[in-house]
Amino acid sequence: MFATLDLDIRPGSGIGMFELGTSLWAVIDMLRGLQHLFPQVEVKFDPEDSATTPVILHLRPHLDLLFSGYHQRLHTICVRKLREPHPPVVLRYKDTVISTSTEPLVRVHVSRTFGPTYPGDELKYPGIWFSFDDDSVNEGFKGGITHIEQRTQEVKRIFIRQKNVDGEERDALDEVLPCPIMQGDISSAVIKIHDGVHFSFFSSALLLHVRIGETTAQDLTIDLGPPSRVHHKEDERMTIHSPNMQASDDDGSTDYFYNYFHHGVDFLISGQTHIVRKIIIHSNMPGSPLFQRYKRCPWQLEGKPEDDEDDSPPRKHFYDKFETIRRFLSPGEMLPSMLLDRTDEYDNITLPNSSTRLYGYDGVILEVNEASQVVTVMLF
């Protein structure tokens with residue numbers, strides 16, 4: 001027995017539990033608790049350009065969710081196979097049922113519900129449009145069609161996206177415009193080596209400066225709220241590469257992490273002083289071992305200004321290839337790297353691209369995948 005999928009349509013805003021502008025991380029995290037409604041979820045993306053590829057979630061059989069490539073925000077929702085009974089889908093608009101698996105939505109009912117619109121093969125309204133073709137949205141009518149047949153055409157697919165601003169038609173691959181669902185999320189993270197990170201937030205004038213060696217765990221809780229998880233550091237294997245193997249007063253044995261999965265950031269905090277020692281920023285690259293463990297944090301790596309009066313120092317971004325960032329950090333020859341396989345700690349787990357490489361520079365370590373994308377930035 002399938003549970004009925006009962007969804008309210010909100011043109012320009014969303015449908016059911018899905019709100020335009022929501023992050024990919026948040027949607028997949030929500031779907032983990034809705035397996036009774038969405039037992040089949042397929043993730044599709046371009047593995048050759050994982051930093052900027054749009055991501056599509058197929059929630060079979062009724063929903064396709066398109067996420068923007070750069071900021072991984074829900075851009076377009078497609079509802080399809082309205083007659084498919086497994087599970088049955090019920091669509092509502094302003095508390096009125098407009099479609100069920102046994103009473104399909106037809107063209108004349110769309111016009112009666114949403115009013116007049118411009119002529120065309122599809123019925124388009126601000127924030128929503130209705131297609132009468134299963135496969136290609138641009139095929140139009142095949143052959144002649146009478147007025148009566150046109151009135152009774154069944155809606156095959158419904159698309160919901162943000163409303164156009166000033167009447168301008170927006171491209172399907174444009175980024176999502178800022179909206180209320182983004183409030184409180186990080187809009188940018190400017191990384192300054194040997195200093196820290198400047199965080200900006202949607203719908204907020206707050207500019208948070210987290211400084212290595214100064215910001216405390218209490219400061220983080222006040223400014224960012226409580227962490228998603230507090231994890232005590234147990235992995236000391238990298239200390240073998242330290243030039244000083246002797247223990248110090250603060251040898252890291254009691255250090256702990258503040259994990260902010262919903263911001264895409266980790267902070268390593270001293271167990272002795274409770275001051276930030278390291279900051280780890282995650283890119284949430286599709287196909288990488290850490291995909292979906294953290295939300296994408298849209299970071300920028302800032303270089304040195306050309307002079308004291310330069311108020312716009314050069315920056316590289318999360319979507320730049322490692323070769324570009326490497327030349328930015330160290331114009332000289334290529335530095336050696338360490339190989340990291342994140343499946344080594346687990347038995348019976350295999351991933352197609354489980355290996356990454358660690359490249360160390362003065363004050364920063366970059367973790368790079370096989371597609372030459374930086375998946376994490378570790379600032380110390």
Side-chain angles (χ1 to χ4, degrees), residues 18-35 38 40-60 63-78 161 171-176 181-182 185-189 228 259-266 280-301 316-325 340-343 346 349-359 366-378:
F18 301 105
E19 191 76 17
L20 296 178
T22 306
S23 70
L24 173 65
W25 181 89
V27 170
I28 294 183
D29 189 59
M30 175 181 66
L31 290 173
R32 290 191 180 104
L34 296 174
Q35 295 184 31
F38 306 104
Q40 299 182 60
V41 179
E42 183 180 2
V43 183
K44 287 191 174 183
F45 58 91
D46 179 4
E48 299 300 320
D49 192 14
S50 55
T52 59
T53 174
V55 177
I56 299 176
L57 295 185
H58 293 298
L59 311 184
R60 302 191 183 280
L63 294 172
D64 292 332
L65 310 180
L66 172 66
F67 293 82
S68 63
Y70 285 85
H71 295 291
Q72 296 183 339
R73 296 283 175 173
L74 183 54
H75 181 286
T76 301
I77 303 170
C78 174
R161 57 189 301 183
D171 190 89
L173 299 181
D174 284 346
E175 289 298 308
V176 177
I181 195 69
M182 300 180 187
D185 287 353
I186 293 174
S187 58
S188 72
S228 310
N259 303 125
Y260 288 89
F261 301 120
H262 57 293
H263 285 314
V265 186
D266 293 325
I280 304 174
I281 308 290
H282 298 271
S283 305
N284 196 33
M285 296 294 183
S288 69
L290 292 180
F291 177 60
Q292 269 307 116
R293 188 173 297 183
Y294 295 85
K295 180 190 291 186
R296 169 169 287 179
C297 182
W299 54 265
Q300 305 172 49
L301 187 60
K316 297 302 174 184
H317 302 78
F318 66 90
Y319 49 80
D320 288 317
K321 290 284 189 176
F322 168 67
E323 288 77 10
T324 301
I325 298 176
L340 173 64
D341 190 330
R342 291 189 176 273
T343 62
Y346 305 95
I349 293 181
T350 58
L351 292 172
N353 299 302
S354 62
S355 296
T356 56
R357 288 193 172 273
L358 301 177
Y359 293 87
L366 306 180
E367 181 180 357
V368 182
N369 64 12
E370 294 180 0
S372 192
Q373 300 289 350
V374 177
V375 297
T376 59
V377 180
M378 291 162 270

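Computed from heavy atoms alone, side chains included, the values below leave out hydrogens, waters and symmetry copies.
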Interatomic distance, CG@L24 vs CG@L66, rounded to 0.5 Å, equals 10.5 Å
Among residues at least two apart in sequence or on other chains, which ones pass side-chain hydrogen bond (donor to acceptor under 3.5 Å, both in side chains) with K316? none
ring-ring contact (aromatic ring centres under 6.0 Å, His included) with F45: which residues, sequence neighbours excluded? none
Step by step, work out the side-chain contact (heavy atoms from CB on, under 4.5 Å) result for V176 and R161. CA-CA 9 Å; V176 177; R161 57 189 301 183; over 6 Å; no
By side-chain hydrogen bond (donor to acceptor under 3.5 Å, both in side chains) - contacts of H262 (at least two apart): S228
Value for CZ (F38) from CG (L59), rounded to nearest 0.5 Å, stands at 5.5 Å
For Q300, side-chain contact (heavy atoms from CB on, under 4.5 Å) partners two or more places apart: S188, V190, R315, H317
Hey, what do you get for OH (Y319) to CD1 (I325), rounding to the nearest 0.5 Å? 10.5 Å
Sorted by chain and number, sequence neighbours left out, salt bridge (charged side-chain N to carboxylate O under 4.0 Å, His left out) with R296 holds for none
Test item: V375 and V368 side chains (from C-beta on) under 4.5 Å apart, heavy atoms: no
Is there a donor-acceptor contact under 3.5 Å from the side chain of S68 to the main chain of R73? yes
F67 side, atom CZ; Q72 side, atom CD - distance, nearest 0.5 Å: 9.0 Å
For a 4.5 angstrom cut-off between non-hydrogen side-chain atoms, does F18 reach L63? yes
Please lay out, stage by stage, how L20 and I77 fare under the test side-chain contact (heavy atoms from CB on, under 4.5 Å). CA-CA 8 Å; L20 296 178; I77 303 170; 3.9 Å; yes
According to side-chain hydrogen bond (donor to acceptor under 3.5 Å, both in side chains), who are the partners of S372, at least two apart in sequence or on a separate chain? E323
Nearest-0.5 Å distance that lies between atom OG1 in T376 and atom CZ in F318: 15.0 Å
Could you check N284 against L290 for side-chain contact (heavy atoms from CB on, under 4.5 Å), going step by step and ending with a plain yes or no? CA-CA 7 Å; N284 196 33; L290 292 180; over 6 Å; no
Could you tell me which residues satisfy side-chain hydrogen bond (donor to acceptor under 3.5 Å, both in side chains) with H75, sequence neighbours excluded, listed by chain and number? none
If we ignore hydrogens and angles and just use 3.5 Å, is the side chain of K295 paired with the main-chain N or O of S283 as donor and acceptor? no
R60: side-chain contact (heavy atoms from CB on, under 4.5 Å) partners, not counting sequence neighbours: Q40, E42, H58, R80
Residues that S50 engages under side-chain contact (heavy atoms from CB on, under 4.5 Å), provided they are two or more places apart: M285, P286, N369, Q373
Can a donor-acceptor pair be found, under 3.5 Å and without considering hydrogens, that links the side chain of T53 to the backbone of D46? yes
Just wondering, do L366 and V377 contact through their side chains at under 4.5 Å, heavy atoms? yes
For the student: nearest non-hydrogen atoms of T52 and D49, plus distance: OG1-OD2, 2.6 Å
Looking at every heavy atom in both S187 and P298, which two are closest together, and how far apart are they? O-CG, 3.4 Å
Regarding T356 and E367, do their side chains bring together a donor and an acceptor under 3.5 Å, going by distance alone? yes
Side chains of residues 26-35: which donor-acceptor partners sit under 3.5 Å, not counting sequence neighbours?
{"from": "D29", "atom 1": "OD1", "to": "R32", "atom 2": "NH1", "distance (Å)": "3.4"}
{"from": "Q35", "atom 1": "NE2", "to": "R32", "atom 2": "O", "distance (Å)": "3.3"}

Within the structure provided, determine whether L301 and D320 are in side-chain contact (heavy-atom separation under 4.5 Å). no
Can you check whether I56 reaches L65 side chain to side chain, under 4.5 Å on heavy atoms? no
Can you list everything that forms a side-chain contact (heavy atoms from CB on, under 4.5 Å) with D266? Sequence neighbours excluded, please. F257, N259, I280, H282, Y294
To the nearest 0.5 angstrom, please state how far the CG atom of D185 sits from the CH2 atom of W25. 10.0 Å
Do E19 side-chain atoms and I181 backbone N/O form a donor-acceptor pair below 3.5 Å? no
